[in-house]
Amino acid sequence: ASLLKIVGYRVETVEFVSDQHTPRNLMLRAVRTGAPAKADDLADYDRLVADWGVHPALAERIAPELAAARDRA
């Protein structure tokens, strides 16, 4: 959700199945708005990735868009 927000989407996370049934029950709904990235959103994403020690596959797939968003912020 953070990545999509950074590259210009309005994102909602929706719980579509009760967590009684499955721990993985979030759906992302995103609409392209073209809104510029905010420095706070970039900092939050960078902190999250560093804290968890992950490399999201989506970040690799949208690397050019992510780099452009960083340049504009």
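As the structure is a computational prediction, the values presented were derived from the model and not from experiment.
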* To do: Calculate, to the nearest 0.5 Å, the distance between atoms CG and CD belonging to Leu4 and Glu12 respectively.
  => 12.5 Å
* Grab the two heavy atoms, one from Ala59 and one from Leu3, that are nearest each other, plus how far apart they are. => N-CD1, 3.6 Å
* What's the spacing between Tyr45 OH and Leu66 CG if we round to 0.5 Å? -> 6.0 Å
* Is it possible for you to say whether Leu26 and Leu58 belong to one hydrophobic cluster, with membership spreading through side-chain heavy-atom contacts below 4.5 Å? => no
* Check the pair Val14, Arg29 against side-chain contact (heavy atoms from CB on, under 4.5 Å), reporting the backbone distance first and the verdict last. => CA-CA 8 Å; Val14 179; Arg29 289 191 294 202; 3.5 Å; yes
* Which pair of heavy atoms, one from Lys5 and one from Asp41, lies closest together, and at what distance? -> CE-OD2, 3.4 Å
* Minimum heavy-atom distance between Val49 and Val54, given as atom pair plus value -> CG1-O, 3.0 Å
* What closest approach, in Å, do His55 and Glu60 show between heavy atoms, and which atom pair accounts for it? -> O-OE2, 4.3 Å
* Arg70 atom CZ: more than 12 heavy-atom contacts under 6.0 Å -> yes
* To do: Taking all non-hydrogen atoms of both residues into account, name the closest pair between Leu42 and Ala73 and its distance.
  => CD1-CB, 3.4 Å
* Asked: Is there a donor-acceptor pair closer than 3.5 Å between any side-chain N or O of Thr33 and the backbone N or O of Gly8?
  -> yes
